[in-house]
There are 2 protein chains.
Amino acid sequence: MAVTLKNIAQRADVSVSTVSKALNDSPKINDQTKKRIENIAEKLDYVPHGPAQALKSGQTKLISMIVDRIDNLYYSELTHLIKREIKKYGYNLVLCSTMGDKEEEKEYITSMIQSHNVDGAIFAFSRNEQLIDKLFQNGIPLIYVSRPRGGNCSIPTVNYDLESSIYDLLEYLIERQGHQNIGYAGLTSSSILYDHDQRYTIYRKVLDEYGLPAEEKYIFTEYNDYEGGIEVGRQIINNQDRPSALVCFNDELALGVIQTLSLQGIDIPGDIAVTGIDNITMSASTNPPLTTINLPKKKLSFCAGKMLVDLLQGKEIPHKESTKTFPTELVIRGSA
Amino acid sequence: MAVTLKNIAQRADVSVSTVSKALNDSPKINDQTKKRIENIAEKLDYVPHGPAQALKSGQTKLISMIVDRIDNLYYSELTHLIKREIKKYGYNLVLCSTMGDKEEEKEYITSMIQSHNVDGAIFAFSRNEQLIDKLFQNGIPLIYVSRPRGGNCSIPTVNYDLESSIYDLLEYLIERQGHQNIGYAGLTSSSILYDHDQRYTIYRKVLDEYGLPAEEKYIFTEYNDYEGGIEVGRQIINNQDRPSALVCFNDELALGVIQTLSLQGIDIPGDIAVTGIDNITMSASTNPPLTTINLPKKKLSFCAGKMLVDLLQGKEIPHKESTKTFPTELVIRGSA
DNA sequence: GTGAAAGCGCTAACAT
DNA sequence: ATGTTAGCGCTTTCAC
């Protein structure tokens, strides 16, 4: 059985409340008794019962981070940074990976957040925006990180400005490199995900502005990971008609595409230029190194940590400060 | 404020315990009252208070998984599979990533396990073996997964037999391919980690048996990730004298090495053969595809999930069944 | 400086 | 079939 305050109280021949005060270093307890109690606690390996403390205090000092896939390197890097950040404020992070499944996410929301097993949550991904919005209205500390704030969402959001970088990227491909047939691989508006939709939307918009067609045959949807990239690569190989450049939804997808094409002797970027988004660590040193858009993970994490902790401490976040946006940056390397 | 049984009881004009029984579908409650109560609960969006339930029942239905780095693809794939597995038994998984830091892991052990915030834990990595052993003696359900059971450790362990596969791998490199200078990159015995040490130890042992030297200059220690591989690659390039084959601690390290060498025009496997261990998804489709050792992740996860749940249900695991070992398998692809 | 008592939200044994 | 009561482990008044 686990050691409780009661056990310690018996051995020390004092009351439970005295033990509680002693271990919480209350000034009203005699230094000698305090020492005595501390020694006994130490000897018995006492650790406070989390659920009991949580029930009493109303807080668990736990924050959950909700991501799509734990095996996406962007998410795992971001998670690590955020964890570091909130630890400074005395919070621990528990990771919930939904694998993009709406029901699974909902279960996590219920069993972790609504049930008060954690004090708050950071969503790096979501398919339950309405539910989340409702929870936030009910006063549960929540924020979005790296996800554009759409519609009537009132939840504090830490975000990056992808638009100008995608603009820079396409400008680079079109004006500097003379590409005319620029394809896209990733999730499109068929997806529920606002963020994913956004990348595609910007791509379409910029092509429009340049008067270039976004041809059906150069657009590969429903893919967002390395394996998806492999598949896109296969399709490109099988098609007669290929784009001269391919803008990918994220780095992992891009690396999958490059892999497949390279194996078939297609030269990157000679035959097809390929770009990513995220700038995961690996992409600096792939073959060829990936031209991509850097997302400011450190700034995002720093800001997200602070914002959530503010919320947890009951600070009202003024509406106009509830969205922070950091610039992204085009990183030109060898793949385009 | 959150909705409690009390709130529901007031609206339904019944006692708290009636509400509790109704929502727990007790047969003693009138069907009509039950319906009425359920409706109110639904309308108010009632979710049971986790800490209160945990305090009462002594269980949280949460399991924590402790890994080294969340951004290691082997760990994240394994974590995902285990999560799936334990969900079948009604448990949720919370991921704790220690980044290999002993103190950080200790904090997690205290704040999650000893404090009863989770019912049990799966360690895919640890630097606090002694503490963990003590906890297990005290009856906390714990298991190791993919970590050799060393010394006097009595904790149930699900493991793979790497020895025969490393043997197969070296046999293949030496007898089939005629390699004489086989290097090693990864962590060595300088590390505290039993598992890491083991890989190196087996490598040494097999070379010994073949009467081949394990030359200092071909051994690169203190690396275990992609960036480490990049660094090893640099060192190999700078050295006059190169091994003809390099056995890497894991796939990510191997991919880092291959990347750096390829960029310098060194042919893999022509100039240097490179092998990994893990068989992460990506390695089937890298360039060249990686020769590696497959670890039976599905079997490990399945077995680990079952073992921990048995423990959680109070089943004694007979000593001789407390270690399960699954075979691994040499996967020959293009990099060696 | 220390102890007694109440209560956080929930469940279950025991009335009625 | 429903209500009363006690208690899980802890903290926090309020007495003494």
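In what follows, every heavy atom counts, from backbone to side chain, and hydrogens, waters and symmetry copies are set aside. Just so you know, these numbers come straight off a predicted model, no measurement behind them.
For residues 92-101 of chain A, the set of pairs meeting the side-chain hydrogen bond (donor to acceptor under 3.5 Å, both in side chains) definition, not counting sequence neighbours, comprises A:N92-B:S111.
Geometric assessment of A:K87 against the ring of B:Y108 yields a positive cation-pi assignment under the 6.0 Å and 45° thresholds.
One finds a side-chain N or O of B:Y46 lying less than 4.0 angstrom from the OP1 or OP2 phosphate oxygen of C:dC10. Not one side-chain nitrogen or oxygen of A:Q53 sits closer than 4.0 Å to the OP1 or OP2 atom of D:dG9.
Only B:V16, B:S17, B:S20, B:K21, B:N24, listed by number, bring a heavy atom of residues 15-36 of chain B to less than 4.0 angstrom from any atom of DNA chain C.
A:K56 has its NZ atom 16 Å from the P atom of C:dC10, to the nearest Å. Atom NE2 in B:H49 sits roughly 17 Å away from atom P in C:dG7 (whole-Å rounding). Rounded to an integer number of Å, the gap from CD of A:Q59 to P of D:dT12 is 11 Å. Nucleotide D:dG9 holds its P atom 15 Å from the CG atom of A:L44, rounded to whole Å. In this structure, B:L55 places its CG atom 18 Å from P of D:dA6, rounding to the nearest Å. In this structure, B:K61 places its NZ atom 14 Å from P of C:dT11, rounding to the nearest Å. One atom, CG of A:N7, and another, C1' of D:dC8, lie 13 Å apart when rounded to the nearest Å.
At distances below 3.5 Å, not a single donor-acceptor pair connects side-chain atoms of B:K106 with backbone N or O atoms of B:L131. Under the 3.5 Å distance criterion, the side-chain polar atoms of A:R127 are left unmatched by any main-chain donor or acceptor of A:E105.
The aromatic rings of A:F125 and A:Y75 lie perpendicular to each other, with more than 60° between the two planes, well past the 30° mark.
Across all strands, B:P51 comes closer than 4.0 Å to no nucleic acid atom at all (heavy-atom distances).
Each end of the helix from C:dG1-D:dC16 to C:dT16-D:dA1 gets its own axis, taken as the rotation carrying the C1' atoms of four end pairs onto the next four within a five-pair window, and the two axes meet at 50° to the nearest 10 degrees.
A side-chain N or O of B:T18 and one of B:S15 form a donor-acceptor pair less than 3.5 Å apart.
Interatomic distance, NZ of B:K34 versus CG of B:N24, reported as 10.0 Å (0.5 Å rounding).
The only option from A:T79, A:L73, A:V67 that meets the side-chain contact (heavy atoms from CB on, under 4.5 Å) definition with B:I70 turns out to be A:T79.
A salt bridge is absent between B:E77 and B:K298: the closest approach of a Lys/Arg side-chain nitrogen to an acidic carboxylate oxygen does not fall below 4.0 angstrom.
Comparing A:L5 and B:D13 along DNA chain D, the residue whose closest nucleotide (by nearest heavy atom) sits nearer the 5' end is B:D13.
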